[in-house]
Amino acid sequence: MKIVHTVADLHSALRPFDAPALVPTMGNLHDGHLDLVRIARPLGDVTVASIFVNRLQFGPHEDFDTYPRTLQADCAQLAQAGCDVVFAPSEKDMYPEPQGFKVLPPPELADILEGHFRPGFFTGVCTVVMKLFQCAFAEAKGRRTAVFGQKDYQQQMVIRRMVQQLALPIDIVVAPTRRAADGLALSSRNGYLSEAERAEAIQLSLALRALGRDALAAADGLVRHLPALEARAMEGLAARGWQPDYLTVRRRADLQAPQPGDALVVLGAARLGRTRLIDNLEV
Ligand code: PAF
């Protein structure tokens, strides 16, 4: 496995290949990331994982400075999973000058849910992902593929829309969420949890599951009953000591409020101590 740190070295490493499959990450990898690599492998003739903690997608009071940087351990895991090239640029290489040009996703998709609680988050994500695409696919002559996790439900949707609206010749593949034995969605931020918080953390996905069941049971009365069901789910978590940002049922197509007959997804974000967790469930 080659490890490269500059865009020029990435281009050289990928020049002999036609069809890169890219797995963008911010490092501090877990089995969920390794699933993405395993899914990417048969989709191209070279598998590339990027590791870059992207300052642009962090708010001023978020965990950019403390986000774990674990390059050596990440590379060992990536090699085991069959990754061919790791692209781990420095900040200077990704952003040699302040990134004035940005990709601005549409507010109806990017300013709701995560984007509401993390203003500018999806602009930061789209900007770096667009740049990673340029870096990884510059030499491609065949299929270009990028793999993202379903755990970041809104993120994969924003990226799929970006690729579609900007006519980027890239296949976006979405991988199912990897969960721990108790059902907690794997996340780099789970490492922030204390032992007691880790035991409690499963309550977020349990609350989403219960909300999903209630939403399905409401059937034709969903639109009328939904605000009360969502409020009850948020209150339930708050009573256990969480600070919920949202627990909500949306339609899968565009994450807007559902109408009768829509396919549904339940999404949630809540803080447990100093750790903000997100999860989702299609119902
Ligand atoms: O999901 C992530 O880890 C990040 O948002 C991504 C897609 C690597 C962009 O920095």
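Order of listing sets the numbers, starting from 1, for every ligand and every atom in it.
An N or O contact shorter than 3.5 Å links Gln155 to ligand 1 by distance. Not one N or O of Thr25 is nearer than 3.5 Å to an N or O of ligand 1, by distance alone.
Cation-pi contact between Arg271 and Tyr246: absent, since separation from the ring centre below 6.0 Å together with deviation from the ring axis within 45° is not met. Remark: Arg144 fails to qualify as a cation-pi partner of Phe133 under the 6.0 Å distance and 45° angle criteria applied to the six-membered ring.
Of the residues Leu211, Ile112, Leu255, the one that meets the side-chain contact (heavy atoms from CB on, under 4.5 Å) test with Leu267 is Leu255.
A 4.5 Å side-chain heavy-atom check between Phe87 and Ile51 finds every atom pair outside the cut-off.
A ring-centre distance under 6.0 Å is not found for Phe148 and Tyr153.
Less than 4.0 angstrom separates some heavy atom of Pro24 from each of these atoms of ligand 1: 8 (C). Set against the non-hydrogen atoms of Val128, the atoms of ligand 1 under 4.0 Å away are 9 (C), 10 (O).
Among Gln57, Met26, Lys131, the residue whose heavy atom lies nearest to atom 9 (C) of ligand 1 is Gln57.
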